[in-house]
Structures are given as structure tokens and as C-alpha cells.
Amino acid sequence: MTLETIWQSFVRNGGFYHESAWNCFGPYLTLQLAHAFLLIGDTARMDACLQWTIGNAGYSKVTRSSSNGEMWDVVQGGWNEQHCHSIEANFQSFPAREWWYMGDIPHGWACAEFMMLMRDILFFEADEDQDGKIFIAPGIMPHWLESGNRMITVKQAPTIFGGSFGYGTGPLTFG
């Protein structure tokens, strides 16, 4: 299956949604897609996946009421592993099955994926054929810097080449 097929078949508003297996969104898989899109140079889709994850995977509490007045408190923590259909539909409908999967606590590998994605957005290294390169700010989106401080600084970041690396941009201008 290609990334294009995954994007067309499973991504809704930037989030990976698997209807047949879980009937819910998967923030972890969305992060992995964001990373894959970054590495192939499709920063628009990387940005859509990352924005969906940041906007939906972490929140402290959602409260919804049903038509009969019943209340639900959903996700009492900082990360929601998977968003079920009911949340996506604002609790207006439920899947036509007896169960739906809500997910469990965050996993260390998901945190590592997020951190590696952030690092690769700021810079990443390639050492193919002993021709080492560092790509600077390959995933920085102009709209991230539209207001406030338009500077990027990386300090003392370890690299595959040994030692540490850093850079600073100064004020950025786009357009």
C-alpha cells in the first residue's frame, strides 16, 4: 500500500481513521504518517497530520451529552490514543456494532516518534554513500511563524556524525 493510497483511503481531516479494524482515529499512526510525508518532501500533508494530532490527540477532558440528557466524560488524561467514531460524530451516532475501541495510555514509542518527528522537522542528517549532509528546517511551515517571534534556534543537538549541531535563523521573511 502506498502513502497516496493510505492518504486517500484512511485520512480524514489530517487524522488516520481505520473504520474496519477500530472504528476510530489513531494519533500514533497519524504521527507516523506525518513523519513519512516529511521524509518524502510532502510537507503539506505532514503539516495536516501533525496539526490533526496536536489538535486532537491531547486534551484534558471532553464532556458530551446525549439526546436523553446522559453525560459522558471522556479522556481524563493528556493523551487520547484513539478517537472512536462517537467522538468524531460529536456523540450524535454510534457504530453499528456492540463495541468500539477507545485506546489506552500513551506508549513510549509514540513519545519517541513525536520527538523524532520534531527533530526531523528542525533538521535531519543523511549519510548515504559516505556523503554526509544535514538538512536544515526541512519541515518548518511558514504559517507556524506568522505571528510573534519568527526565529528558529537549535542548540547542542547530537548528530549521527558525532559531536553536536546547532543553528539559528534570525528573523524570517516569507513570500
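Note that this is a predicted model, so its numbers are computed, not measured.
Contact between Thr30 and Gly14 at its shortest, heavy atoms only, is CG2-O, 3.3 Å.
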Check residues 130-137 and write down every donor-acceptor pair under 3.5 Å in which the side-chain atom is one partner and the other belongs to a residue at least two apart or another chain.
unit_1, atom_1, unit_2, atom_2, d
Asp131, OD2, Lys133, NZ, 2.5

Review item, side-chain donor-acceptor pairs of residues 152-165, under 3.5 Å, at least two apart:
unit_1, atom_1, unit_2, atom_2, d
Thr159, OG1, Phe161, N, 3.1
Thr159, OG1, Gly162, O, 3.3

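Counting only residues at least two apart or in different chains, salt bridge (Lys or Arg N to Asp or Glu O under 4.0 Å) contacts with residues 26-44 comprise Asp42-Arg45.
At least one side-chain heavy atom of Trp144 sits less than 4.5 Å from a side-chain heavy atom of Leu50. Between Gln51 and His143, the closest side-chain pair of non-hydrogen atoms falls below 4.5 Å.
Under a hydrophobic-cluster definition in which Ile, Leu, Val, Met, Phe, Trp and Tyr are linked whenever side-chain heavy atoms come within less than 4.5 Å, directly or via other members, Leu39 and Phe16 are assigned to different clusters. Met116 and Leu33 fall into different hydrophobic clusters, where Ile, Leu, Val, Met, Phe, Trp and Tyr side chains are chained together by heavy-atom contacts under 4.5 Å. Linking ILVMFWY side-chain heavy atoms closer than 4.5 Å, directly or via other members, places Tyr167 and Phe124 in two distinct hydrophobic clusters.
How far CG of Leu122 is from CD1 of Ile140: 5.0 Å, rounded to the nearest 0.5 Å. Tyr17 OH to Phe10 CZ: the interatomic distance, rounded to the nearest 0.5 Å, is 12.0 Å. With rounding to the nearest 0.5 Å, the separation of CD in Gln32 from CD1 in Ile6 is 10.0 Å. Here Leu117 contributes atom CG and Cys49 contributes atom SG; the two are 9.5 Å apart, rounded to the nearest 0.5 Å. Atom CG of Asp47 and atom CE of Met141 lie 4.0 Å apart (nearest 0.5 Å). One distance of note links CD of Gln8 with OG1 of Thr5; it measures 8.0 Å at 0.5 Å rounding.
In this view, Glu128 satisfies the salt bridge (charged side-chain N to carboxylate O under 4.0 Å, His left out) rule with no residue, not counting sequence neighbours. Partners of Asp120 by side chain to side chain donor-acceptor pair (under 3.5 Å), not counting sequence neighbours, listed by chain and number: His35.
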Problem - Criterion ring-ring contact (aromatic ring centres under 6.0 Å, His included) on Trp7 and Phe37, from CA distance to verdict - result: CA-CA 10 Å; Trp7 181 263; Phe37 285 125; 5.5 Å; yes
